[in-house]
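Here is the structure we will look at, set down as structure tokens.
Just so we're clear, the structure is a prediction, and the values are computed from it rather than from any experiment. Start at 1 with the first residue, then count along the sequence. Counting starts at 1 for both ligands and their atoms, following the listed order.
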Amino acid sequence: MENDFYDFIIIGAGVAGLTAAQYASRANLSALVIDPISQGGQVEQIIELENYPGIYPAISGFDFIKAMTEQTLSFGAKIIKDSVISIDKPNDKYLVKTKEKEFESHTLLIATGAFRRQLNVPGENEFVGHGVSYCATCDGPFFKNRRIAVIGGGDAACDEATYLATLSDKVTLIHRKGQLRAQKGIAERVLRNPNITVMFNSIVKEIKGDTVVKSLLLENSKTHEESNFETDGVFVFIGMIPRSELVENLPKDEAGYIITNEKMETKFPGMYVAGDIRSKSFRQIVTACADGAIAANSARSYISELNEEVYK
Ligand code: NDP
């Protein structure tokens with residue numbers, strides 16, 4: 001039995017993948033998007049998306065991705081709900097095996113994203129969207145002038161605490177160790193900021209509240225004493241986990257993100273990487289969309305070169 005063939009297979013239906021599918025379809029490539037939950041990625045969690053240019057007034061992440069999915073389908077791309085289990089290139093085509101089927105393509109985009117590492121403490125999942133957040137740019141404005149706890153001691157926690165300190169003078173950075181791991185300049189900005197208090201050697205044991213977050217149960221890592229810390233919001237920045245298990249053979253940076261060139265190309269001709277899984281300096285919806293558009297354009301050029309070879 002012959003496998004289904006597409007010019008461009010996209011793994012991941014977040015904003016990078018969907019943008020790539022739109023650009024590919026509009027360039028007359030047949031495009032298939034495969035995702036186990038069929039649409040969304042991290043964007044679905046955003047309560048009010050107010051920093052995507054042109055979307056005004058703000059809409060929910062859910063409505064944004066729903067419109068983007070419909071737009072993608074309207075251009076002729078296909079989206080299926082399935083899990084990719086392996087990718088391979090046994091001949092001149094990529095072979096993508098999912099739980100249900102096998103597909104072939106000339107080009108392939110990995111847009112599987114990354115997810116924020118969680119604290120995994122009681123109350124965390126329960127209060128997501130009700131005081132617990134993993135995105136300061138998205139949710140920070142809801143905590144203007146209120147008590148904000150930021151968890152973590154790396155670059156992200158320090159950067160985001162600095163941003164949150166522009167919205168409130170009651171920001172507390174809570175870190176499990178006795179010193180920050182962040183780069184010196186970034187850490188010093190936090191330590192000097194009058195709106196930020198740093199609590200070292202403090203481990204979050206539980207997030208407590210009623211309908212919204214009210215406090216954190218902390219344990220001092222030296223004395224093991226427990227204390228209750230009152231707060232209105234908790235921003236967790238304890239590292240990201242790129243979803244790169246399908247492409248373990250691609251070069252990565254120190255944090256595990258996949259390295260591409262500016263055309264989103266990898267070392268394998270016809271294979272591209274876009275969005276939050278890619279090594280880069282700023283992870284936002286707008287930068288993920290840009291990656292997706294660039295990847296589709298690179299796939300289009302690659303396929304037109306292949307076609308020129310065929311017709312020579
Ligand atoms: P990092 O992995 O650099 O830091 C994670 C922080 O969270 C560490 O301080 C770590 O503590 C702490 N942590 C990890 N697990 C837990 C846990 N279960 N409970 C409590 N604390 C925990 O991640 P970042 O997200 O900060 O950064 C990711 C990458 O992105 C890095 O390469 C970073 O350099 C880069 N980045 C760069 C920025 C910039 O240059 N402006 C901005 C943001 C990110 P411990 O120190 O004890 O291990």
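Of the candidates I203, I174, L119, D155, the one placing a heavy atom closest to atom 38 (C) of ligand 1 is D155. Considering each of D253, V121, L180, I238, the one bringing a non-hydrogen atom nearest atom 21 (N) of ligand 1 is I238. Atom 20 (C) of ligand 1 has its nearest heavy-atom neighbour, among E254, R176, R117, in R176.
In this structure, S60 contributes its side chain and D63 its backbone to a donor-acceptor pair below 3.5 Å. Judged by distance alone, the side chain of E230 and the main-chain N or O of R147 form no donor-acceptor pair under 3.5 Å. A donor-acceptor contact shorter than 3.5 Å links the side chain of E124 to the backbone of N120. Side-chain atoms of T166 never come within 3.5 Å of backbone atoms of T162 as a donor-acceptor pair (strictly under, hydrogens ignored). In this structure, the side chain of D155 engages the main chain of Q183 through a donor-acceptor pair within 3.5 Å.
For atom 42 (C) of ligand 1, the nearest protein heavy atom lies under 4.0 Å away. For atom 28 (C) of ligand 1, the nearest protein heavy atom is 4.0 Å or more away.
The N/O atoms of R181, backbone and side chain alike, include one that comes under 3.5 Å of an N/O atom in ligand 1. Taking any N or O of I151, backbone or side chain, none lies under 3.5 Å from an N or O belonging to ligand 1. Considering both main-chain and side-chain atoms, Q118 never comes within under 3.5 Å of ligand 1 through any nitrogen or oxygen pair. Distances between N or O atoms of A157 and those of ligand 1 include no value under 3.5 Å. Distances between N or O atoms of A255 and those of ligand 1 include no value under 3.5 Å.
Residues passing the disulfide bond (SG atoms under 2.5 Å apart) test with C289, sequence neighbours excluded: none.
No donor-acceptor contact under 3.5 angstrom links the side chains of Q284 and Y52, judged on distance only.
Looking at I186 against ligand 1, only its side chain comes within 4.0 Å, counting heavy atoms. Residue H175 touches ligand 1 through its side chain alone, judged by heavy-atom distances below 4.0 Å.
For atom 26 (O) of ligand 1, the closest heavy atom belonging to the protein is A156 N, 2.9 Å. From the protein, the heavy atom lying nearest to atom 4 (O) of ligand 1 is G154 CA, 3.7 Å.
Contact check on D276 versus R243 returns no salt bridge, with no Lys/Arg side-chain nitrogen under 4.0 Å from an Asp/Glu carboxylate oxygen. Salt bridge annotation for K170-D232: absent, with no cationic side-chain nitrogen under 4.0 angstrom from a carboxylate oxygen.
In summary, of the residues considered (I110, D253, I259, T260), a side chain to side chain contact (heavy atoms under 4.5 Å, CB included) with R278 occurs for T260 alone.
The atoms of ligand 1 that sit less than 4.0 Å from any heavy atom of K177 are 45 (P), 46 (O), 47 (O), 48 (O). Each of the atoms 5 (C), 23 (O), 25 (O) of ligand 1 lies under 4.0 Å from some heavy atom of G239. The atoms of ligand 1 that sit less than 4.0 Å from any heavy atom of Q183 are 40 (O).
Between Y94 and F268, the gap from one ring centroid to the other reaches at least 6.0 Å.
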